[in-house]
Amino acid sequence: MNRHLGENKRYSLSFWNRIKFKLLFFGITMSILPIAIVGGYNIQITKNTIEESVKEKQLYIVQRAATEVDHLLSIINSKMQLTIDTNGGITNHSQAKQQWEQSLYGFLKQDPEIENAFLLDQQGQVIIGVSRWTSKDRLQQMANSLHDLVLQNTTNKQDWMSSVQFKADGTPSIRMVRTVYSPEDHSYQGHFIVDVNLKGTFQNISAIHSGKNSYIYLIDDKHRLIAHTDFGQVILGKNVIQAPELQKMINHKGRMSEPIQYRSYTGEKVIGAYAPIASADWGVIIEQPIKQAFAPIQFLIQRLLIMMGLVSGIVVLLSVIFGIWFTKPIELMEKAVQKVTKGKLDAKINYQSNDEFGQLAAAFNHMTDELQLKTDHLAREKERLDTIVNGSGAGFALIHDDYSVEWMNERLRQWLADDRQQFSCYSLLRRLSEPCHDCPITKNDPIQFQNEMITTIDYNGKKKTYRHRMYPLEKIKEGDPKYLVVVEDITEKRQLEEMVIQADKLSSLGILASGFAHEVNNPLASISVYAEDLKERLKEESVEELLEKGEIDRYLDIIRNNVDRCKKITGSLLNFSRKSSFITKDIDLIKLIDDSLVLMQYALKKKNIIVSKHFETSLPFIIGDGLQIQQVFINIIQNAIDAMDEGGQLMIGARVQDQWIEVQIQDNGIGMTNEQLQKVFDPFYTTKPAGKGTGLGLYISYQIMKKINGEIVIESEKGKGTKVRVVFPIPMELAN
C-alpha cells in the first residue's frame with residue numbers, strides 16, 4: 001500500500017506541470033503576444049503621429065495668428081506711407097490741407113481698425129485731425145495731448161509705435177507714428193499719426209479654430225497680456241508667463257519655437273507654442289491642455305484595448321476549447337499508464353480516432369495485451385524457476401561487491417541453520433570474520449575460483465563438503481547484487497569419489513603385486529646368500545681375522561642395503577595403498593615422480609623399457625594431495641607400459657611455463673585413433689584387452705586434477721605413440 005501511495009505521489013502532477021496548462025499558456029501567449037506587440041507598436045506609431053500632428057497644428061495656428069497681427073501692422077504702415085507719398089509734403093496751403101483731410105477720411109474708411117488720424121507739423125502742432133467715433137471737442141483734446149507725446153518720442157525723427165493701451169471698455173489699441181519728409185530735399189516736415197483699435201484683429205485671431213479647450217493669447221514687449229481668446233483674462237490682467245519653459249521660449253525672440261509641454265498659469269499641464277511678431281516686438285502663444293490635445297490617443301488606446309480584449313477573449317476561449325479537446329486523449333493515456341504502473345495490465349484507452357492519438361491509443365492497448373501475455377509468461381517461468389531453484393538440491397545466494405548477502409534460497413538457509421537476516425558471504429560457509437585470502441571478489445576474477453571446494457562442519461557435528469561457483473552478473477543497476485553464488489553439497493559425491501579412487505588403487509595394487517614380490521625377492525635372496533656365505537666363512541675363519549679383513553662389515557653393509565631396499569619398496573607400496581582423505585600440502589613433483597617410478601620398476605624391467613628423465617632445476621612446489629597426484633602418475637605410466645612393446649622408450653620431463661608446471665610423459669607405443677582419443681576420459685572406457693583394465697584410471701586422474709585446478713591433455717596418433725601433458729598451477733605466493 002505504501003508503494004502505491006508513493007507511486008500516486010510520484011505521478012501526481014501540479015496544474016502548471018500538466019500539458020493542458022502548458023498548451024493553454026502557449027496558445028494564449030502566442031495569440032495575445034502578437035496582438036499586444038502589433039497593438040503596442042501601432043499605438044506608439046499613432047501616438048507619435050498624433051503628437052506630431054498636434055505640434056504641427058499648433059505651429060500652424062500660432063504662426064497664422066502672428067502673421068495676422070504682423071500683416072495688420074504692415075498694411076497700416078504701408079497705407080500710411082502710401083498716404084504720405086500721395087499727398088507730398090506738409091504745407092499750410094489750404095488746398096494741401098484739404099487734400100490731406102480727404103486722404104485721412106479715406107484712410108478711416110478703408111481700414112475699420114483705424115479710429116483716429118492726425119497730421120502734425122515740425123513743431124508738433126496738429127494740422128489736421130479726423131476721428132471715426134470721437135467728437136470734435138474730444139478730438140481737439142486728443143490733438144493737444146499729442147504735442148508733448150510727439151516731442152518726447154520723435155527726437156530722432158524716426159517711425160515708432162506706442163505700447164498697447166486699454167480703453168475704458170478694455171479695448172486694446174496702439175498709436176502708430178510715421179515721420180513725413182519733403183519729397184524734394186527729404187527734409188523733416190512733421191508726423192503722420194493713427195490710432196489703431198486691435199479688438200477686431202484679436203477677434204479674428206480668436207476665431208481661428210485651434211482645437212478643443214485650446215486658447216490663444218498675445219503678449220507685448222513687457223510680457224503683458226494684451227489679447228486672449230477669453231477676453232476676461234485680459235480684463236483681469238492675468239500674469240500668463242509663469243512657466244520657466246515658456247519664459248525660455250519667449251526669450252528666444254525672433255524665432256518660432258517647437259511646441260513643448262509645461263504647466264500653464266491655469267495650473268493645467270499643457271502643450272504650447274510661441275511665435276514672435278517682429279514688427280511690434282510682440283508674441284503669440286497657443287496653449288492646449290494635454291488631456292484634450294492627446295484625447296484622440298486615449299480614445300485610440302481604449303478602442304485598441306477593447307479590440308484586443310475581444311480578440312484575446314475569443315482566442316482564450318478557442319484555446320481552452322482546443323486545449324481540452326487536444327489534451328483529452330493525453331489525460332486518458334495518463335490514467336491508463338497510472339493503472340498499468342499499479343499492476344492493472346488490463347487497462348485500455350477508450351479513444352478512437354484517425355489521427356496520431358488514435359494510433360497511439362491502439363498501440364498502447366496492443367502493448368498492454370502483449371505485456372499481460374509477457375507477465376503471465378514470466379509468472380509461469382518464475383514459478384518454474386522457483387521450483388527448479390528450490391528443488392535442484394543446490395543453494396543460491398546473491399552477493400554485493402561489499403561481501404554482503406542480499407538473498408538466499410531456502411535450501412541454503414537450511415544448510416546454514418542461521419536465522420540472521422544480514423551477514424557477509426565469507427561467513428556463509430567458512431564461518432570467517434574477514435574476507436577469504438583468495439576471494440574472487442577481492443581478486444576481481446570469479447571465474448578462476450568457480451570450482452573452489454569448501455569444507456565446513458554443520459551444527460549436527462557431521463562433516464560436510466560443499467562446492468561453490470561464483471558467477472558475475474552483467475546486466476545490473478547501481479546498488480544491485482553483482483554476483484550469484486551456487487553452492488552444492490558434494491559430501492556424498494566426494495565420499496563416492498574416494499571409494500572409486502581407493503578401488504582404482506587396489507586395482508593398480510593387483511597389477512603391481514607380482515612386480516612387488518619379484519622386487520622384494522631379489523634383495524631377500526641377496527640377504528640369504530650373503531648371510532649363508534658369512535656363516536660358512538665363520539666356520540672356516542676366525543671372527544678376528546674376518547673383522548681384520550673387513551669382510552664382516554662388507555657382508556653386513558650388503559645385507560643392510562638390501563633390507564633398506566625392501567623397506568623402501570614395501571613403504572612406497574603401503575603408502576600408495578593407504579586410504580586417506582584429500583589433504584593439501586606442498587609437494588615436490590620430482591620426488592613424487594621418482595617414487596612413482598620405484599613402484600613401477602618391475603613392470604618397466606619386465607619389458608626392458610628405457611626411462612629417460614629431463615627435469616628443470618629448482619622446480620617450485622605445488623599444492624595438493626601427494627597420494628592422489630602419485631596415483632595420476634602411476635595410472636599414466638601404467639597405460640604407457642601397456643601400450644609399448646618390449647624395449648620401448650618412456651620419456652618424462654618437467655618444465656615451468658608462465659604460471660604453470662607442465663609434466664610430459666611420452667611413450668612410443670601403439671597410440672590411439674581420434675575416435676578413441678575423444679573417449680579416454682569417459683568412465684569404464686578402455687582400449688586394453690578384457691581383464692587388463694577397468695577404464696577408470698584416466699577418468700579418476702582427470703577428476704583429481706580438476707580438484708586442484710589442473711588439467712590433463714593427451715596427444716596421440718595411431719602407430720606413433722602418445723604424449724600426456726599434466727599441468728599443475730603454481731601457487732600465487734610461490735609464483736611471485
Subject >> Any donor-acceptor pair under 3.5 Å from Q58 side chain to I271 backbone >> reply: yes
**OP:** Check whether any side-chain heavy atom of L398 lies under 4.5 Å from a side-chain heavy atom of L473, and answer yes or no.
**Re:** yes
Original post:
Just how far is it from atom CD1 of I84 to atom CD of Q189, taken to the nearest 0.5 Å?
Top reply: 10.0 Å
Original post:
In Å, rounded to the nearest 0.5 Å, how long is the span from CD1 of I128 to CD of E101?
Top reply: 6.0 Å
Subject >> Nearest-0.5 Å distance that lies between atom CG in L218 and atom CH2 in W282 >> reply: 7.5 Å
Subject >> Interatomic spacing from CG in D281 to NZ in K222 - rounded to 0.5 Å >> reply: 11.5 Å
**OP:** Can you run down the salt bridge (charged side-chain N to carboxylate O under 4.0 Å, His left out) pairs that involve residues 74-92, sequence neighbours left out, and say none if there aren't any?
**Re:** K79-D111
Original post:
Which of these passes side-chain contact (heavy atoms from CB on, under 4.5 Å) with L108: R132, E115, E113?
Top reply: R132
Subject >> D121 to Q125 - nearest heavy-atom pair and separation >> reply: OD1-N, 2.7 Å
Subject >> Heavy-atom neighbours of K482 NZ exceed 12 at 6.0 Å >> reply: no
Subject >> Nearest heavy-atom neighbours spanning P481 and H400 >> reply: N-CE1, 3.5 Å
Original post:
With under 30° as parallel and over 60° as perpendicular, where do the rings of H228 and Y217 fit, or are they tilted in between?
Top reply: parallel
Subject >> Note, E258 side chain near L59 side chain (heavy atom, < 4.5 Å) >> reply: yes
Subject >> Atom pair NE2 (H366) and OG1 (T368), whose distance is rounded to the nearest 0.5 Å >> reply: 9.0 Å
**OP:** Side-chain contact test, heavy atoms from C-beta onward, threshold under 4.5 Å: evaluate it for F118 versus D195 and give yes or no.
**Re:** yes
Original post:
Between the side chains of N48 and Q44, is a donor N or O closer than 3.5 angstrom to an acceptor N or O?
Top reply: yes
**OP:** Measure across A117 and V194 and return the closest heavy-atom pair with its distance rounded to 0.1 Å.
**Re:** CB-CG1, 4.1 Å
Subject >> Partners passing side chain to side chain contact (heavy atoms under 4.5 Å, CB included) against Q98 (at least two apart in sequence or in another chain) >> reply: Q102
Original post:
Sequence neighbours excluded, which residues qualify as side chain to side chain contact (heavy atoms under 4.5 Å, CB included) partners of L378?
Top reply: none
Subject >> Given L73, N116, I76, V164, the one that forms side-chain contact (heavy atoms from CB on, under 4.5 Å) with V196 >> reply: I76
Original post:
Parallel, tilted or perpendicular: which describes the rings of H191 and Y188, with under 30° parallel and over 60° perpendicular?
Top reply: perpendicular
Original post:
Any idea which heavy atoms bring V62 and A273 closest together, and the distance?
Top reply: CG2-O, 3.7 Å
Subject >> Greater than 12 external heavy atoms within 6.0 Å of K291's NZ >> reply: no
Subject >> Residue list, side chain to side chain contact (heavy atoms under 4.5 Å, CB included) with I45, at least two apart or on another chain >> reply: Y41, T49
Original post:
Is a side-chain N or O of D70 found less than 3.5 angstrom from the main chain of A66, in a donor-acceptor match?
Top reply: no
Subject >> Any I250 side-chain heavy atom under 4.5 Å of I285 side chain >> reply: yes
**OP:** Just jot down the side chain to side chain contact (heavy atoms under 4.5 Å, CB included) partners of Q247, sequence neighbours excluded, or say none.
**Re:** I241
Subject >> S173-N197 side chain donor-acceptor pair, cut-off 3.5 Å >> reply: no
Subject >> Heavy-atom pair of closest approach, residues E287 and Y262 >> reply: OE2-OH, 2.6 Å
Subject >> Atom CE of M367 with >12 non-hydrogen neighbours under 6.0 angstrom >> reply: yes
**OP:** Keeping the roles fixed (side chain from T229, backbone from Y215), state whether a donor-acceptor pair exists under 3.5 Å.
**Re:** no
**OP:** Could you tell me the separation between the OG1 atom of T67 and the CG atom of L72, rounded to the nearest 0.5 Å?
**Re:** 12.5 Å
**OP:** Using the test ring-ring contact (aromatic ring centres under 6.0 Å, His included), find all partners of F107 that sit at least two apart in sequence or belong to another chain.
**Re:** F192
Subject >> Nearest heavy-atom neighbours spanning P259 and K55 >> reply: CG-O, 3.5 Å
